[in-house]
Amino acid sequence: MMTEVVRVDRDRPNPDDIARAAECLRRGGLVAFPTETVYGLGVHALDRDAVRKLFDAKRRPANDPLIVHVAEFGQIAPLVTALPEHAASLAARFWPGPLTLILPRASSVPLEVTAGLQTVAIRIPAHPVARALLAAAAVPVAAPSANLFSRPSPTRASHVVEDLDGRIDMIIDGGTTDVGVESTVLDLTVSPPQMLRPGAITLEALCDVLASVGVASARSANTSRSPGLLARHYSPRVPMTLYQGPTDAARAALVTAARKAIAGGSRVGVVATSGDARLLDQIPVVIADLGPDDDAKGAAVRLYAALRELDTANVDVILAREAPYNDGLWHALRDRLRRAAANIVAAD
Ligand code: TXA
Ligand code: MG
């Protein structure tokens, strides 16, 4: 299959390009497109054959459910059996945006989409290209992140090309995504609602609307409720070791490990904030810079590109330090780094 890459203006995508991509989706094709979080791989959500094709293209296990994307709140009613308490107020506050709600599935949604679950994940994205495409397609679009299974999510069209060239019909290139990590996933079918995946809609923001929110932790995620939340995920191919603990201790442990690995003849890559990078400037490591130490937004935008960069930098190991914070967007960063890590070392 030839994959066509179409460049569009992020804010004013050419309507002809969007119409062509929308037609491709309506006919059961696979189209990658930018959302504000990461690139998604879209498919007509009510077309079972197309959905099966998508699982093949990504090499994604069939037990990992997809998020259904729509343009308007009004398109949700036929996809669910009920709107739980709080759904409307969360939608009014956070949609369009990086929030996914788990709702009770209507039978119109194929079980292929939900991996057999009686619930369905729904999101209205905010990115202008995604909005234009969903409006033109006028069908619900199931879209996982547009990477091969277990690889870091794509934040640039070039990442999609890397993973899926020749396996999908079309890639709409709208530049780098805004947030850089996937949407917050909130399960509204349990009480209290449970956050299954942290993202840019933070726990603090959800608590503004909800009296109480449960949190599924990265390593103990209930994999039968959300099979996609496997502990190891989003990973570079090269094994990554994550250093936890107080800043000074974790930094020291990382620097020591880097020196030791180099002495042993290994090539070392480090995912580092600028502060950490300065401590490493006398050591021959390959650094993927996440930016200023206290800039969670910048680090989120850079994270997956950094992991992919080191994957192709011909290193034998990747080292990273856990962010010293866990509030706001740091929560999502911690979660993704933990999932990407093959080993976690606690320094103290
Ligand atoms: O930001 C995002 O959410 C991106 C963009 C493209 O929208 N999409 C994305 O999709 O990250 P994906 O497939 O990579 O991740 C979807 C997550 C998985 O962890 C999956 O297990 C969970 O959502 N999920 C989907 N349906 C679910 C359901 N019915 N119940 C619980 N979890 C569900
Ligand atoms: Mg994914």
Side-chain angles (χ1 to χ4, degrees), residues 30-43 45 51 54-55 57-70 79-80 94-106 109-127 129-131 133-134 140-155 159-160 163-164 172 174 177-190 193-201 216 218 221-235 300 304 332 335-336 339-340:
L30 304 181
V31 177
F33 61 97
T35 80
E36 70 276 28
T37 56
V38 300
Y39 274 76
L41 178 57
V43 71
V51 171
L54 176 140
F55 277 90
K58 268 189 63 103
R59 302 206 184 102
R60 181 175 174 119
N63 68 353
D64 191 352
L66 307 177
I67 298 172
V68 177
H69 298 66
V70 294
L79 305 175
V80 302
F94 299 115
W95 277 347
L99 176 67
T100 295
L101 296 179
I102 308 297
L103 302 169
R105 179 190 74 99
V109 180
L111 286 168
E112 282 84 351
V113 169
T114 67
L117 297 175
Q118 295 307 330
T119 55
V120 57
I122 300 203
R123 171 159 116 83
I124 302 182
H127 194 288
V129 174
R131 288 180 65 78
L133 179 64
L134 291 170
V141 171
S145 49
N147 49 282
L148 283 175
F149 179 66
S150 94
R151 296 270 298 140
S153 292
T155 53
H159 298 159
V160 184
D163 281 16
L164 297 174
I172 309 180
T177 60
D178 313 319
V179 176
V181 295
E182 306 83 347
S183 62
T184 304
V185 177
L186 181 70
D187 189 349
L188 288 185
T189 68
V190 293
Q194 197 183 29
M195 190 170 76
L196 300 178
R197 180 173 74 182
I201 303 300
N222 178 342
T223 49
S224 63
R225 178 167 288 286
S226 190
L229 296 174
L230 301 169
R232 179 103 195 275
H233 210 15
Y234 316 104
S235 343
Y304 289 138
D335 171 79
R336 301 312 190 277
R339 291 176 199 276

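Atom set for the values below is all heavy atoms of this structure, side chains included, hydrogens, waters and symmetry mates excluded. For ligands, and for the atoms within them, numbers begin at 1 and follow the listed sequence.
With atom 11 (O) of ligand 1 as the reference point, the heavy atom nearest to it among Glu36, Gln194, Arg197 is part of Arg197. Across the listed options Thr100, Val38, Leu41, Val38 owns the non-hydrogen atom lying nearest to atom 4 (C) of ligand 1.
Between the side chain of Asn147 and the main chain of Pro154, no donor-acceptor pair closer than 3.5 Å is present. With hydrogens and angles ignored, the 3.5 Å screen pairs a side-chain donor or acceptor of Thr35 with a backbone N or O of Thr37. Distance alone, capped at 3.5 Å, is enough to place a donor-acceptor pair between the Lys58 side chain and the Ser145 backbone.
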request  = Apply side chain to side chain contact (heavy atoms under 4.5 Å, CB included) to Thr177 and Glu36, showing your working.
outcome  = CA-CA 5 Å; Thr177 60; Glu36 70 276 28; over 6 Å; no
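The nearest pair of heavy atoms linking Arg131 to Ala126 is CD-O, 3.3 Å. Residues Ala146 and Ala32 approach most closely at CB-CB, 4.2 Å, considering heavy atoms.
Shown in contact with Ile102 at under 4.0 Å from a heavy atom are these atoms of ligand 1, numbered in order with element: 27 (C), 28 (C), 30 (N), 31 (C), 32 (N), 33 (C). Using a 4.0 Å cut-off to heavy atoms of Leu117, the atoms of ligand 1 that qualify are 28 (C), 29 (N), 30 (N). Within the listing of ligand 1, atoms 10 (O), 12 (P), 13 (O) sit less than 4.0 angstrom from a heavy atom of Pro144. For ligand 1, the atoms sitting less than 4.0 Å from at least one non-hydrogen atom of Glu182 are 1 (O), 2 (C), 11 (O), numbered in the order shown with element in parentheses. Residue-ligand proximity, Ser145 to ligand 1, at heavy-atom distances under 4.0 Å covers atoms 8 (N), 9 (C), 10 (O), 12 (P), 14 (O). Listed by number with element, the atoms of ligand 1 under 4.0 angstrom from any heavy atom of Leu66 are 25 (C), 26 (N). Within ligand 1, counting atoms from 1 as listed, the ones closer than 4.0 Å to a heavy atom of Gly40 are 6 (C). Near Thr37, meaning under 4.0 Å from any of its heavy atoms, are these atoms of ligand 1: 1 (O), 2 (C), 4 (C), 5 (C).
Of the charged side-chain nitrogens involved, none lies within less than 4.0 Å of a carboxylate oxygen, so that Glu182 and Arg123 do not count as a salt-bridged pair.
Only the backbone of Ala143 comes within contact range of ligand 1, with a heavy atom under 4.0 Å; no side-chain atom does. If you look at Asp187 next to ligand 1, there are no close heavy atoms at all, none under 4.0 Å. The proximity of Arg60 to ligand 1, defined as any non-hydrogen pair under 4.0 Å, is limited to the side chain. Of all the heavy atoms of Thr119, the ones lying under 4.0 Å from any atom of ligand 1 are found in both the backbone and the side chain. Counting heavy atoms closer than 4.0 Å to ligand 1, residue His69 contributes side-chain atoms (C-beta onward) but none from N, CA, C or O.
For Ser153, every N, O or S atom stays at 2.8 Å or more from the Mg ion (ligand 2).
Judged purely by distance below 3.5 Å, without hydrogens or angles, the side chains of Ser150 and Arg59 never pair a donor atom with an acceptor atom. Using modelled atom types and a 3.5 Å distance limit, the side chains of Ser153 and Arg336 yield no donor-acceptor pair.
You'll find the side chain of Leu117 stays beyond 4.5 Å of the side chain of Arg105, heavy atoms only. Counting only heavy atoms from C-beta outward, the side chains of Ile201 and Ser183 never approach each other to under 4.5 Å.
Assignment of Thr114 to the shell around ligand 1 is not supported, since no heavy atom sits closer than 4.0 Å.
In terms of polar-atom proximity, Tyr39 is not counted as a contact of ligand 1, lacking any N or O under 3.5 Å from an N or O of the ligand.
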